[in-house]
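All remarks here apply to the structure that follows.
A, B, ... follow the sequence lines: proteins, then strands. Residue 1 opens every chain.
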Amino acid sequence: MDWVTTDRISGYAGKTVELRGWVANKRSSGKIRFLLLRDGPGVIQCVILPDRVSADAFELADKVPYESAVIVRGEVREDKRSPGGFEITVSDLKLVSEAEDYPIAKKDHGVGFLMDHRHLWLRSSRQVALLRLRSALTRAARQFFDEKGFIAIEAPILTPTSCEGTTSLFQVEYFDRHAYLTQSGQLYGEAAAMALGKIYVHGPTFRAEKSKTRRHLTEFWMIEPEMAFWELPETIDLAEGLICRLVEETLRSCSQELEALERDRAALEKVTPPFPRITYSEVVDLLEDKGVPFVWGNDLGADEETVISQAFDKPVFVTHYPAVIKAFYMKRDRNDPRLALAMDLLAPEGYGEIIGGGQREDSLDELEARIAEHGLDRDPLEWYLDLRRYGSAPHAGFGLGIERTLAWIAGIHHVRETIPFPRLMDRLHP
RNA sequence: UCCCCGAUAGCUCAAUCGGCAGAGCGGGUGGCUGUUAACCACUAGGUUGUAGGUUCGAGUCCUACUCGGGGAGCCA
């Protein structure tokens with residue numbers, strides 16, 4: 001007898017199969033009992049009738065606690081009354097492991113309780129949908145770069161110093177000295193781009209900022225492409241292509257997940273090229289038109305980002321920020337040295353910045369001056385300066401935040417649900 | 001670090017003006033041959049976050065603390 005999973009069940013109509021999974025729910029009506037079996041790929045309703053199974057199995061169908069592991073054998077039948085269209089008429093039900101009282105009920109839980117039980121919360125349909133969508137999203141992103149000839153590289157997670165010199169880092173003991181958890185793979189990505197041409201880093205990132213918002217985690221994942229001999233405009237095109245690909249792929253292959261998440265497809269269908277591209281200075285004018293007080297030279301806060309993203313129904317690129325509010329490695333605009341060749345992509349619906357990047361400073365003299373201006377320690381960056389000493393070339397790249405992108409595409413409120421085990425300022429467990 | 005809100009049964013919450021601590025879900029028992037977060041009946045379940053204060057009387061008012069949630073700054 002074949003062990004079949006629910007995603008392939010439609011090919012087995014009329015056949016007797018075995019399914020292995022967990023008791024997601026059960027209902028009974030006297031002499032007929034229903035058991036919802038969750039097997040990972042999906043959920044299927046199993047019907048237990050007293051004249052089709054042993055007395056023990058019929059009894060078990062009533063007594064088996066939620067989330068117990070079971071093996072079901074029975075005939076696959078198409079039935080409109082069953083959620084999902086197919087159901088199993090059970091001929092045998094075996095208990096693999098009886099569960100203790102399951103803490104997560106069918107309804108009404110607070111976020112704190114669910115986060116304490118994250119290891120079990122993952123089993124719920126919404127979380128399963130989110131994690132499947134996350135997997136589809138990272139797969140699509142990597143395919144997008146692979147198809148274009150990008151080489152995947154890994155950046156170190158333990159680093160000797162800060163990449164950007166601004167944010168707080170997690171310090172760890174490293175033999176007789178200190179090391180820091182990386183806040184970006186970018187600098188290493190630049191070195192790899194000089195070796196391989198076009199590369200991307202897909203890896204974790206750590207920020208010790210005491211941020212408590214729906215957009216922040218202390219540990220999150222980025223995909224960071226870096227391209228030698230590329231400049232800002234084509235880098236923006238690449239970012240636009242990536243986002244469109246991710247949305248297309250979601251709409252094409254994740255309909256069930258979007259439905260489970262009750263995500264409005266129409267909002268995603270609007271995400272087609274070209275995205276609006278506005279400069280920082282134009283943003284200042286836009287904010288003025290909207291009656292939001294803002295001074296040129298300040299960084300955009302959450303309120304400003306919300307106003308900007310609400311002015312458009314697709315993601316919007318903001319470019320040419322004042323250099324002083326951007327990282328030391330950003331290349332200055334030749335036409336206006338106050339500006340950096342930077343670009344951020346703001347997601348619609350208030351999800352904030354999902355991409356940040358731009359063209360890198362490729363002049364040794366300029367970069368040395370920036371390091372000094374930012375008050376950074378030069379010694380640990382000598383290797384980075386070498387990239388400008390030995391065949392420096394224009395280059396550019398960006399970082400895509402996986403969790404924010406997923407939160408936006410999935411239409412969920414908080415990024416903590418977009419990663420299996422979120423790390424937050426006040427939460428390191430489970 | 002700052003601002004706001006909260007903590008009552010295993011879970012989600014209610015409790016009027018300061019006056020007998022309750023409901024739904026989950027658990028247990030029983031019923032029901034097509035249920036869809038099934039339903040119906042019965043049942044068990046409490047040091048109201050901690051410490052102090054005001055009061056004849058505190059879940060309710062006051063102070064401190066602890067924990068949690070939301071937001072800001074910073075950022076992806």
Side-chain angles (χ1 to χ4, degrees), chain A residues 24-36 43-52 58 61-63 65-67 77 79-85 87 89 100-117 120-121 124-125 163-164 166-169 183-186 203-224 239 298-306 325-327 344-347 350-357 398-408 413-416 418-419 424-427:
Chain A
N25 202 358
K26 54 181 184 171
R27 301 179 272 268
S28 82
S29 184
K31 296 293 180 286
I32 182 166
R33 289 169 184 169
F34 302 93
L35 190 151
L36 285 174
V43 174
I44 191 164
Q45 174 162 283
C46 305
V47 185
I48 301 103
L49 294 159
D51 55 346
R52 299 288 205 98
F58 191 69
D62 186 48
K63 300 292 181 197
Y66 291 128
E67 289 302 324
R77 262 189 321 100
D79 194 315
K80 285 186 184 121
R81 291 170 295 185
S82 182
E87 66 182 14
T89 304
E100 296 179 19
D101 276 356
Y102 195 62
I104 299 182
K106 293 292 152 205
K107 54 181 173 184
D108 289 346
H109 287 290
V111 169
F113 179 83
L114 289 169
M115 290 296 296
D116 286 340
H117 296 82
L120 302 177
W121 188 20
S124 69
S125 58
C163 290
E164 298 175 12
T166 48
T167 49
S168 332
L169 305 184
Q183 64 167 321
S184 167
Q186 181 201 315
T205 307
F206 306 88
R207 303 278 166 92
E209 299 286 348
K210 293 185 174 176
S211 301
K212 281 183 68 173
T213 83
R214 68 193 187 94
R215 300 184 304 281
H216 288 88
L217 299 167
T218 55
E219 179 182 314
F220 62 98
W221 286 68
M222 287 206 289
I223 289 194
E224 303 177 276
N298 289 346
D299 207 352
L300 300 173
D303 289 348
E304 289 83 24
E305 284 188 357
T306 302
I325 59 171
K326 287 292 179 183
D344 285 355
L345 181 67
L346 304 182
Y351 286 94
E353 184 187 338
I354 56 174
I355 281 178
F398 60 84
L400 168 83
I402 300 288
E403 289 75 17
R404 283 189 186 178
T405 304
L406 177 53
W408 161 56
H413 184 253
H414 200 300
V415 290
R416 68 184 154 217
T418 62
I419 186 168
L424 297 139
M425 191 175 106
D426 295 318
R427 191 171 286 281

Looking at side-chain heavy atoms only, is the closest gap between [X] and [Y] below 4.5 Å?
X	Y	answer
A/Asp426	A/Lys212	yes
A/Phe34	A/Val47	yes
A/Tyr351	A/Arg214	yes
A/Leu424	A/Leu217	yes
A/Phe220	A/Arg207	yes

Mind checking if [X] touches a base, just sugar-phosphate, or nothing, with heavy atoms under 4.0 Å?
X	result
A/Arg52	nothing
A/His117	nothing
A/Tyr102	nothing
A/Asp426	sugar-phosphate
A/Gly301	sugar-phosphate
A/Leu217	base
A/Asp299	sugar-phosphate
A/Thr405	nothing
A/Phe34	base

Considering only atom [atom1], compute the distance from [N] to [M] and round it to an integer number of Å.
N	M	atom1	value
B/U29	B/A21	P	31 Å
B/U48	B/A64	P	23 Å
B/U47	B/A72	C1'	39 Å
B/C74	B/C5	C1'	23 Å
B/G45	B/A23	P	13 Å
B/U8	B/G68	P	14 Å
B/G52	B/A44	P	33 Å
B/G49	B/U60	C1'	16 Å

Picking from [options], which would you name as closest to the side chain of [X]?
X	options	value
A/Phe220	B/A37, B/U33, B/A76	B/A76
A/Lys212	B/G69, B/C74, B/C75	B/G69
A/Gln45	B/A76, B/C74, B/G34	B/G34
A/Arg207	B/G73, B/G71, B/C75	B/C75
A/Arg214	B/A76, B/G70, B/G71	B/G71
A/Leu49	B/U35, B/G69, B/U33	B/U33
A/Ile32	B/A76, B/G34, B/C32	B/G34
A/Met425	B/U1, B/G69, B/G27	B/U1

N-O pairing of A/Asp116 and A/Arg427 below 4.0 Å: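 Salt bridge between A/Asp116 and A/Arg427, a charged N being under 4.0 Å from a carboxylate O: yes.
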Pairing string, 5' to 3', for RNA chain B - Watson-Crick or wobble contacts under 3.5 Å, brackets [ ] where pairs cross, | to another strand: (((((((..((((.....[..)))).(((((.......))))).....(((((..]....))))))))))))....
Can you check whether [X] has a side-chain N or O nearer than 4.0 Å to OP1 or OP2 of [N]?
X	N	result
A/Arg215	B/A72	yes
A/Lys210	B/U1	yes
A/Arg81	B/U33	no
A/Arg427	B/G69	yes

Side-chain-base donor-acceptor pair under 3.5 Å for [X] and [N]:
X	N	value
A/Ser28	B/C32	yes
A/Arg404	B/C75	yes
A/His216	B/C75	yes
A/Glu87	B/G34	yes
A/Ser211	B/C74	yes

Which residue lies more 5' along RNA chain B, comparing A/Thr213 with A/Gly399 via nearest heavy atoms: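 Nearer the 5' end of the strand: A/Thr213.
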A/Gly112 or A/Glu403, whichever maps to the more 5' nucleotide of RNA chain B: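 Per heavy-atom nearest nucleotide, the more 5' residue is A/Gly112.
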A/Phe58 six-ring face occupied by A/Arg52 cation (under 6.0 Å, within 45°):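 No cation-pi geometry.
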For atom CD of A/Glu304 and atom P of B/C75, their distance in whole Å: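 From A/Glu304 CD to B/C75 P: 13 Å.
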Between B/U12 (P) and A/Trp121 (CH2): distance, integer Å: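 For the pair A/Trp121 CH2 and B/U12 P, the rounded distance is 12 Å.
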Spacing of CZ belonging to A/Arg215 relative to CZ belonging to A/Arg416, to within rounding of 0.5 Å: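 Going from CZ on A/Arg215 over to CZ on A/Arg416, the span is 13.5 Å.
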Pairing residues for A/Ala61 by the side-chain contact (heavy atoms from CB on, under 4.5 Å) criterion, not counting sequence neighbours: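 A/Ala61 satisfies side-chain contact (heavy atoms from CB on, under 4.5 Å) with A/Arg33, A/Ile48, A/Leu93 once adjacent residues are dropped.
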For the student: nearest non-hydrogen atoms of A/Asn298 and A/Ile325, plus distance: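 Closest approach of A/Asn298 to A/Ile325, heavy atoms only: O-CD1, 3.8 Å.
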